[in-house]
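A short write-up of the structure that comes next.
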2 protein chains.
Amino acid sequence: MDKIAVKTFFFAIGDYSRFSILAALLDKELRVSDIVSSTGIEQSNVSHHMVCLLNCGFVSARKEGKERIYGLNGEVRPIIRDIIGHIDKYKKDIISCNIADKDYIYRAIE
Amino acid sequence: MDKIAVKTFFFAIGDYSRFSILAALLDKELRVSDIVSSTGIEQSNVSHHMVCLLNCGFVSARKEGKERIYGLNGEVRPIIRDIIGHIDKYKKDIISCNIADKDYIYRAIE
DNA sequence: ATAACATATGAATGGCCATTCATATTTATA
DNA sequence: TATAAATATGAATGGCCATTCATATGTTAT
């Protein structure tokens with residue numbers, strides 16, 4: 001297991017905003033403004049995330065007039081689908097831990 | 001896409017230490033001391049991570065004497081294998097972005 | 001009962017980074 | 001050329017949480 005690769009992979013994909021963006025790009029290419037409207041993330045924030053996703057090789061971009069169109073790179077499509085599928089299938093169990101409610105994570109839940 | 005589920009999933013799996021632990025548990029159950037020696041993570045830190053992984057339903061535990069033995073829960077095995085496979089297959093590309101070297105992530109790489 | 005071993009718990013903190021706000025750049029149109 | 005639209009960039013910051021250290025708990029053996 002390559003540590004840098006693992007860290008980079010999860011850095012790119014493990015943030016909820018970036019994962020939402022990747023999920024939105026699964027089926028079709030999107031302009032920045034499309035990503036903004038479909039994810040609800042503010043424009044400059046989206047742009048920041050796109051830089052990150054570009055750097056990590058998850059997406060590619062091309063220009064069309066004043067718009068920039070982003071598309072998911074092919075190799076990542078299956079793993080993103082798999083992860084979405086897994087989370088969806090087991091969401092009941094995953095949610096049951098209610099981490100969001102905890103004030104501190106590293107604590108036994110009674 | 002359930003936001004809480006996605007966040008919880010990546011919280012549990014997206015940290016390098018926890019992912020290493022899960023990877024180490026893929027093939028066999030392990031005592032805490034085994035996890036310590038195979039991952040290099042310090043003991044109390046491992047215990048903290050195990051609480052987290054227990055809470056999120058990724059592992060189960062049983063006692064044997066003074067030892068505690070952790071095992072991966074069955075449903076997560078495939079997705080962890082998939083992710084490891086993906087990272088391994090594309091590590092060259094993933095590493096090429098060299099995020100670790102950057103002083104700031106959200107910046108175009110020339 | 002005490003020592004040694006295995007693991008868990010608690011509190012504290014320091015670094016990272018997601019977000020925000022302000023502004024720059026690029027392109028198109030009037 | 002001036003304006004507007006779309007996107008990118010830069011700097012700043014506040015919160016989260018991984019780690020560490022110290023210590024507690026539990027278990028076995030002597």
Side-chain angles (χ1 to χ4, degrees), chain A residues 3 6-8 10-22 29-56 59-70 97 99-110, chain B residues 3 6-8 10-22 29-56 59-70 97 99-110:
Chain A
K3 181 169 183 174
V6 171
K7 285 195 137 190
T8 302
F10 281 119
F11 175 83
I13 208 180
D15 171 72
Y16 178 74
S17 295
R18 286 193 282 273
F19 190 74
S20 308
I21 292 171
L22 294 172
E29 299 182 323
L30 293 175
R31 297 168 296 165
V32 172
S33 59
D34 295 328
I35 297 174
V36 168
S37 57
S38 71
T39 64
I41 305 168
E42 179 264 345
Q43 180 269 317
S44 78
N45 196 9
V46 168
S47 284
H48 284 306
H49 286 309
M50 298 325 287
V51 169
C52 169
L53 291 171
L54 276 171
N55 285 341
C56 296
V59 303
S60 299
R62 64 187 160 81
K63 264 192 162 175
E64 230 172 63
K66 35 184 171 179
E67 298 171 347
R68 180 171 282 220
I69 302 185
Y70 288 95
C97 88
I99 271 193
D101 297 341
K102 308 290 171 297
D103 49 344
Y104 191 56
I105 306 293
Y106 301 93
R107 179 171 297 157
I109 298 178
E110 312 77 33
Chain B
K3 181 169 183 174
V6 171
K7 286 194 140 194
T8 303
F10 281 119
F11 175 83
I13 209 180
D15 170 72
Y16 178 74
S17 295
R18 286 193 282 273
F19 190 73
S20 308
I21 292 170
L22 294 172
E29 298 182 322
L30 294 174
R31 297 168 295 165
V32 172
S33 59
D34 295 328
I35 297 174
V36 167
S37 56
S38 73
T39 63
I41 305 168
E42 178 264 345
Q43 181 269 317
S44 80
N45 196 9
V46 167
S47 283
H48 283 305
H49 285 309
M50 298 326 287
V51 169
C52 169
L53 291 171
L54 275 171
N55 285 343
C56 296
V59 302
S60 299
R62 64 187 160 82
K63 263 194 163 174
E64 231 172 61
K66 34 183 170 177
E67 299 171 347
R68 180 172 282 219
I69 301 184
Y70 287 95
C97 89
I99 271 193
D101 297 341
K102 307 290 170 297
D103 48 342
Y104 191 57
I105 306 293
Y106 300 93
R107 177 171 297 156
I109 298 179
E110 311 77 34

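Every chain is numbered from 1, with letters handed out A, B, ... down the list of sequences.
The cationic atom of Arg62(B) (NZ for Lys, CZ for Arg) does not lie both less than 6.0 Å from the six-membered ring centre of Tyr70(B) and within 45° of the ring axis.
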Would Tyr16(B) and Phe10(A) count as a ring-ring contact (aromatic ring centres under 6.0 Å, His included) if you check the C-alpha gap in whole Å, the side-chain angles of each, and the deciding distance to 0.1 Å?
-> CA-CA 8 Å; Tyr16(B) 178 74; Phe10(A) 281 119; 9.1 Å; no
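Between Arg68(A) and dA8(D) there is a side-chain N or O to OP1 or OP2 distance below 4.0 Å. Between Tyr70(A) and dA8(D) there is a side-chain N or O to OP1 or OP2 distance below 4.0 Å. Side-chain N/O atoms of Ser33(B) include one lying less than 4.0 angstrom from OP1 or OP2 on dT7(C). Under 4.0 angstrom from either OP1 or OP2 of dT27(C) there lies at least one side-chain N or O belonging to Lys63(A).
Not a single donor-acceptor pair, N or O on each side, falls under 3.5 Å between the base of dA6(D) and the side chain of Gln43(A).
Atom CE of Met50(B) is separated from atom P of dT19(D) by 14 Å (rounded to the nearest Å). Protein atom CZ of Phe10(A) is 20 Å distant from nucleotide atom P of dC16(C), rounded to whole Å. As a whole-Å value, the separation of Ile69(B) CD1 from dA6(C) P is 13 Å. If you measure from atom CZ of Arg31(B) to atom C1' of dT27(D), you get 15 Å, rounded to the nearest angstrom. Regarding Asn45(B), its CG atom lies at a distance of 18 Å from the P atom of dT13(C), rounded to whole Å. Note: CD (Glu42(B)) to P (dT9(C)) measures 15 Å, nearest angstrom. Atom P of nucleotide dA4(D) and atom CD of Glu67(A) are separated by 19 Å, given to the nearest angstrom. Between the C1' atom of dT7(D) and the CZ atom of Arg62(A) lies a distance of 16 Å, rounded to the nearest Å.
Distances were taken from every side-chain heavy atom of Ser44(A) (C-beta onward) to each of dC21(D), dA8(D), dT7(C); the shortest belongs to dA8(D). For Lys66(B), taking side-chain heavy atoms from C-beta onward, the closest of the listed nucleotides dT7(D), dT27(D), dT19(C) is dT27(D).
Per the stacking criterion (ring centres < 5.5 Å, plane angle < 30°), His48(A) does not stack onto the base of dT19(C).
As judged by a 4.0 angstrom heavy-atom cut-off over every strand, Ser17(A) is placed among residues touching the sugar-phosphate backbone only.
Summarising the geometry of Leu54(A) relative to Ser60(A), their closest heavy-atom pair is CD2-CA, 3.9 Å, with the distance given to 0.1 Å.
A donor-acceptor pair is defined here as one N or O able to donate and one able to accept, closer than 3.5 Å; no such pair exists between the side chain of Glu64(B) and the backbone of Glu67(B).
Residues Ile41(A) and Glu64(A) each lie close to DNA chain C; by heavy-atom proximity, the contact nearer the 5' end of the strand is made by Ile41(A).
Under the side chain to side chain donor-acceptor pair (under 3.5 Å) test applied with Asn45(B), the options Gln43(B), His49(B), Glu42(B) reduce to a single match, His49(B).
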